Amino acid sequence: MEYLYYPGCTLVDTARNFDRCGRAAARALDVELVEMPDWTCCGTTFPLTNRKIVGLVAPVRTLVNARGEGYEELLTLCSFCYNVLKRANYAVRNRGDERMRINAYLEDEFVRAGQEYDEYEGEVEVVHLLEVLRDTVGFESVTAQVTRPLTNLKVAPYYGCLLLRPQSEIGLDDADEPTVLEDLLGALGCDVIDFPHRVECCGSYLGLSSPDIALQNSYEIVHTASRLGADVLAVVCPLCAYNLDLRQEEMHQRFSGFRQVPVMYFTELLALALEVEEEVYSWERHAVDPLPVLQTVGGI
Amino acid sequence: MAGIGIFVCDCDGELSERIDLEVLGSRLQEHPDVVDVIPHPHLCSEAGLALIEESLAGKGLGAVLVAACAYDLYDVAFRPIMEKAELGPGQTVNLDLRVSSSRDENVKARTKHSVDRALALLDRLELPSDKLELVPEEADHGVVRRALVIGGGIGGIQAALDIANSGHEVVLVERQPSIGGHMIQLSETFPSLDCSQCILTPKMAEVGRHPKVRLLTTSEVTGLEGRLGRFTAKIERKPRYVLDSCTACGDCVDACPVLVCDQFNTGLRWRKAIFQPFPQAVPSIFALDDEHCLGLFPLACGKCEQVCEPGSIDYDMQPVTEEIEVGAVVVATGYEMYSYGDVSEYGYGKYDDVINGLQFERLLSASGPTMGKVMRPSDGREPKEVVFIQCVRSRNPERGKPYCSGICCMYTAKHAMLYKHRVPDGQAFVFYMDIRAGGKGYEEFVQRAMENDGVMYLRGRVSKVFEENGRIVVWGADTLVGKRIEIAADLVVLATAIVPNDGYESVAQVTDLAADEHGFFTATHGKADPVGGSVPGIYLVGCCQGPTDIPETVAQASGAAAKVCALFAAEPKRAVPEPMLAEA
Amino acid sequence: MARIGLFVCRCGRNIAGTVDVAEVAGILAEHPGVVHAEEYTYMCSDPGQLKVAQTIADQHLTGVVVAACSPQLHERTFRIACEKGGLNPYMCEMANIREHCSWVHPEEPATTEKAIELTRVAVEKVKHSRPLTPIRIPVNRRVLVIGAGIAGIQVALDAARGGYDVVLVEREAYVGGHMAQLSATFPEMERSRFLLRPKLAQLLSHDNVWLLTNSEVVELTGFVGNFKATIKTRPSTDAEAGLDLADEVFPRGVERQRQESTVEVEVGAVVPAIGYDVYPLESIPEYGSGSIPNVLTSLQFEQLLRTSEGGELRRPSDGAVPREVVFIQCVRSRDREHGMPYCSRICCMYTAKQAMLYKQRVPDGQAYVFYIDIRAQGKDDEEFIRRAAEQYGVLYLRGRVSRIFPQDGKVVVWGADTLSGMNVEIPADAVVLALAMTPAHGALDVARLLGVGADDHGFLTEAHPKLRPVETSTAGIFLAGACQAPRDIGSCVAHASGAASKVLELFSARHLEREPEIAHIDEGICAGCFDCREVCPSRAIEVKEIRDRRGELLDTVATVNDGLCQGCGLCVATCRSGAADLEGYTDSQLFSQIEALSSRWTSTTSAEKPGGGHGG
Amino acid sequence: MRVKISKASLQSGFLVDVEEMSGEHVWSCYQCGNCSAGCPLAFAMELLPNQIIRLLHLGQEEEVFRANTIWLCTSCLTCKTRCPRGVDLSRINESIRHLALRRGKAPDRFGPDQIEPGVAASAPPQGLASAFRKFGG
């Protein structure tokens, strides 16, 4: 299996461990991720007003380029990229007016650059690695290929917002009662916690613009996971990881009785269970070091 | 061959305001049996009536559809002309254009709806080739004086009793092994707090032993042919596997080895595969649940048969289909609680201590699984804090049903009140959007819940419910103070939407009754004829046409009975009144 | 000499599992008067019933006792069996040894003892039973309907279609009641009079309907099946002729009385459908007591809507088009301090309808609605309200209005929006008040006249709020429409048909058969004090004059009207001379039962132990 | 303080602009409060999400601009997911943010200069980019 892969800005920067573990683990499962050449910004946020059509140009340009590479699917890992690309694709497919305007814009751009342009109608399918693991590889097959089951490791699965919502446009899983992450972690042998705050917002970019406020959101999530006895909090998005992991030191200072919990990308857990080679991990990127608990509980 | 003639009335311009009558006419003209569509501005005027009379004679029409404004004017104005032209009830039909269009917003939708109804009615007409066979039987103005009542809940029971007490035969068909419906599951009823069973069982017993009522339980209506005054109903009597000689001694239950989830107790208890749904069941004959019984493969079991003294168990019973002639039909198929998928954000189906209103009724009921003691299902503890959430999937076009479920405000107030009576040191919270307490004594009842029983009402919806440390945490809002509310409760009760009983589809198919997009049957006219179904001779009672509380259901049941009895009226109307009047 | 047969049922193991049935039969066989005692597995089965009938014939029994389950289940069964055997059915009694005994006690000798006691008591009662025959009351199959609003019209129509005579009495000169004054109905948005017209046309086409306008029922006597009503008719004026909806639909016009007259009508049933009124605007000082121009009642606004059809809506004070209209709900409803504690039920929906119709007439106008809770629980109602808010831009404000006052040609409204927590001021061009629905004026007089109950406010009361919503506690009188509680048109029509069904049921036979278990007064003993008359809730006690052959008055005594007596026994308890007795539960029957029990206690246990503890 | 409302205040250009920009029908809201009940940032908001819509109903533009609510909405879509009326409040909030920026009603702009160097190094680029976009319009 081969997929065109769109890493996005953060996965080649602060979330390199997310990216590398993802690629390596996919390869171990016989899924080849081919990085898209010359990829550009996804647009970061999906424009939520009718007047901001320009915000759709960046994601649609990415999709047009993916089509140019001859792939029918474009795979992402970052929730932001996934959300923006998928929603932009949905808009092109379902909203004629927007499709027309974006195509007109892109056509102009391509023609000026001396390239040919065919109207884009949403031909490319945006997929997330979790979808591929669930629907194409199959969790049973994942289990079969796990060589180091993460038995006894209590994991709180955390989805955040953008991977699931809006359900009508994304459709990866039920927005309130998702199971894909639980099922994957279960396939790896983890002891999965019924985590009530798995779809609450971590504070998102307010972690940067209003850090005091966002800290309360992140704290409630980490603290609950901690109280429920989680060894690890598994995440899907680099911004979640930033809010939930890098700010635990502040939580520790602000809230008494707080116990730290390591935060890991699901790809890291996947790579560990598949015993992928050492160099993909970069444990120094974690503010709360997961190694002690992985060693004592996970037997790694 | 004589074809169908259609007369379209404009009701002095009233109807063309609402419907494109030209489109209607041309669409109906396309029907292969239709020979003529005749419009008239005012059909019930003398000129209009004369036109019909002339056309019937001149064109030799074999059947007629009158599309006009009036739902029961037809009887007075048009039927005499039809009878004069020797067109019987099977050859004439009335379409009420106002009714067929009243639910739609624009002319186009109304026109389409009217065309659809008209085409459906055309298919019910019998053209002259059939006519010859029908005429000879038309003694006694051709009405079979026997009614079919579908559904044995409070609506069906009341309708059956009223018709039977007027001296007419009734066939009462119920799918379940006993009549009683949802009302027999309830604990106490608002606003009088009467015990539901205590007031219902006498009626059940009365209908069960009424000489004019034939009670067919574990049965379903699988076919209905014919028309007003003369229908032929096909009734499939499913095997009960227990003969009428059963004395309800219960020995079989002790012997039966199979445990089954007890639906009557909304899954809060187990029962055996041979069972009586509740002790006051009518008929008081046990029934065998063939989905779970082992004895249908005689080698596997047979224990109940061995212990049954009267020898009432017959594993070889087969379904029997009967054909019964009736003159009118009353549909009282009732409701269910919303259960499509899970109400995932509230953890319904995930947490044992998140239950629906009907389950809470069973918890409150003295004959319920806890003998009326309020305990939470997970661990049997007495809940000290209970949150009631109203409008769960009601008034919710996005994730449920757009309509209001009508009864939840009142039963929730009752639940909270009864809970406080059982657990005086407990606290009840109610999340609501509007308190809909519009019936007699209802407003006062809700006030009592707030003032005397200290039930805390919070105006707002709940966003999320989840379990934490053995408690059920509710995240809601109070829009009146503009604050978010978090309550750690022991038990959460959801007033989930009322939806049509799942049997509505087969009933709709069998009867041809029009239903709305939710599956509720539509009355011919909500105001003018609230109990008339869209097919003449079929009447609607209770929740099958929309959420309805018990008193309204009973009134509708009696109302439907009045329609049936008027149809069956034994004595033809006297030409000259004989008033016993004396000048004082 | 009594010859009593006893039949003890085993009810499978239901009774026999806890009670020694053989012992019950054995011991009672020795009891004086019992000539036959046997036990059987299922007395209610066909062979069981046959045994009863056969034994009556063979043994010439004078009474039967069946010791089995609750009489509610099978008393009728065994009484029929007795009749088949040639015994008067009221000579049969049941001893409930299942629900009262085997089901509620463990298997032990005391349980059998209790069963024996219960059976013995029943045997003693039968010894004092008398043969009774069901009472047959002739039924006059004509119904009197009071009020010709939509509910009354529907009752009359259904009864007339059932083939019976109807007398329809209307106090006003016009028929159609409030419905004839309305613009359109919710949620169908159809002209109200168009809905009313065909019903009226049909009603008036029936030859067996007699409509009396300008008329009132001034007296009602008699009882179920046999009422006599006195109806007084005012002369009608010329001004009234031709205005009535009835004249519109009935080509010949409605016959009108030219002079005052009084008639007496005999009817078998009465249906009051006297409708409602609204709370007087004059009694609402904070809203100007009716003195502020352009503050209208909702009924006045209906009139405006009706007359402005197809044109612009203009306010009555100066003919200007109101650009901003405030609708206020719950005016004196849900207000136990100043008005009515109850909800008037229909205001939420008609206010939404009025706001929408207003917007249709004045498209650039703005409508505001002050509400507390939006009560839209009927079919399609919720969707209707959403249409008002979303498509017609009606602004709903959750809160009450504290004050209305005129200022600079505007009507200023001071209210609150409890959702934003702000006080709101709206300078409006017109204000429409949804006044509380109250019982019709004179409702209490009608209640008294008919002898039916009414609540504190004057709404007539039903026999049971859940299961007998259209019946009253007086047999033969049924309720229809808003005289019972605030109610919308659809519900009025359904209830009216419900009431009609009760009438049809009553009229389905020429005679009404009633259980004979009613009071009886021995004229020889009666002292004529009439205390019984005071306590009788059914008005069943009548005065009877006893005269000699020459017509000289000898005595005045009380007598029981068979048609009215409900058998409650209050007169029996009140009667000081012991003249009153209750058939089926006579003093001699009851005392013999008590004696049977107490004799057992005095003989078998010490005297200080009262009889309640064990046997119940 | 009594707020004077009239046809003019209700049919304000502001409401029309918000509806046009967001594509959302503000009048669909019946004030059930579900959005507020579930909003993860509501604890820090000066007005609850449902109150924003209520003030739009009443045409109270200034009140809406004055509150921090719209600036705390992270478009997490919890409200939209559970809204019984299908209102997407994130679109309404974003439209109001744009209008506020355009009319100079926005608080201090959040830009790269407000980020501490240490944070800038560790923060994920996507977070920075999205924050700048939300606050910069």
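As the structure is a computational prediction, the values presented were derived from the model and not from experiment. In what follows, chains carry the letters A, B, and so on, assigned in the order in which the sequence lines appear, proteins first and then strands, with residues in each chain numbered from 1.
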Using every non-hydrogen atom in the two residues, find where B/Ser463 and D/Gly38 come nearest and quote the distance to one decimal. OG-CA, 3.0 Å
Smallest separation among heavy atoms of B/Gly476 and D/Ala37, with atom names: C-CB, 3.2 Å
Looking only at B/Asn396, B/Val462, B/Asp434, most heavy-atom pairs under 4.5 Å shared with chain D are made by B/Asn396
Between D/Cys39 and chain B, with a heavy-atom cut-off of 4.5 Å, which part of the residue counts as in contact: side chain, backbone, both or neither? backbone
Go through the atoms of D/Cys83 and report whether side chain, backbone, both or neither lie under 4.5 Å from a heavy atom of chain B. backbone
Does [X] [atom1] have over 12 foreign heavy atoms under 6.0 Å away?
X        : atom1 : answer
B/Lys108 : NZ    : no
B/Lys483 : NZ    : no
D/Glu116 : CD    : no

Working to the nearest 0.5 angstrom, can you tell me the gap between B/Tyr432 OH and D/Cys32 SG? 12.5 Å
By a 4.5 Å heavy-atom criterion (distance strictly below it), what part of B/Arg395 contacts chain D: side chain, backbone, both, or neither? both
Is a donor from one side chain sitting under 3.5 angstrom from an acceptor on the other, for D/Ser36 and B/Arg484? no
Given side-chain contact (heavy atoms from CB on, under 4.5 Å), test B/Glu398 with D/Val87 step by step and report yes or no. CA-CA 9 Å; B/Glu398 282 299 304; D/Val87 178; over 6 Å; no
Would you call D/Gln51 and B/Thr479 a side-chain contact if the rule is heavy atoms closer than 4.5 Å? no
For the residue pair B/Pro397 and D/Arg85, establish whether any side-chain heavy-atom pair is separated by less than 4.5 Å. yes
Sort out for me which residue in B/Lys464, B/Arg461, B/Met433, B/Glu345 forms a side-chain contact (heavy atoms from CB on, under 4.5 Å) with D/Asn34. B/Arg461
Counting only N and O atoms by type, is there a donor-acceptor contact under 3.5 Å from the side chain of B/Arg459 to the main-chain atoms of D/Gln31? yes
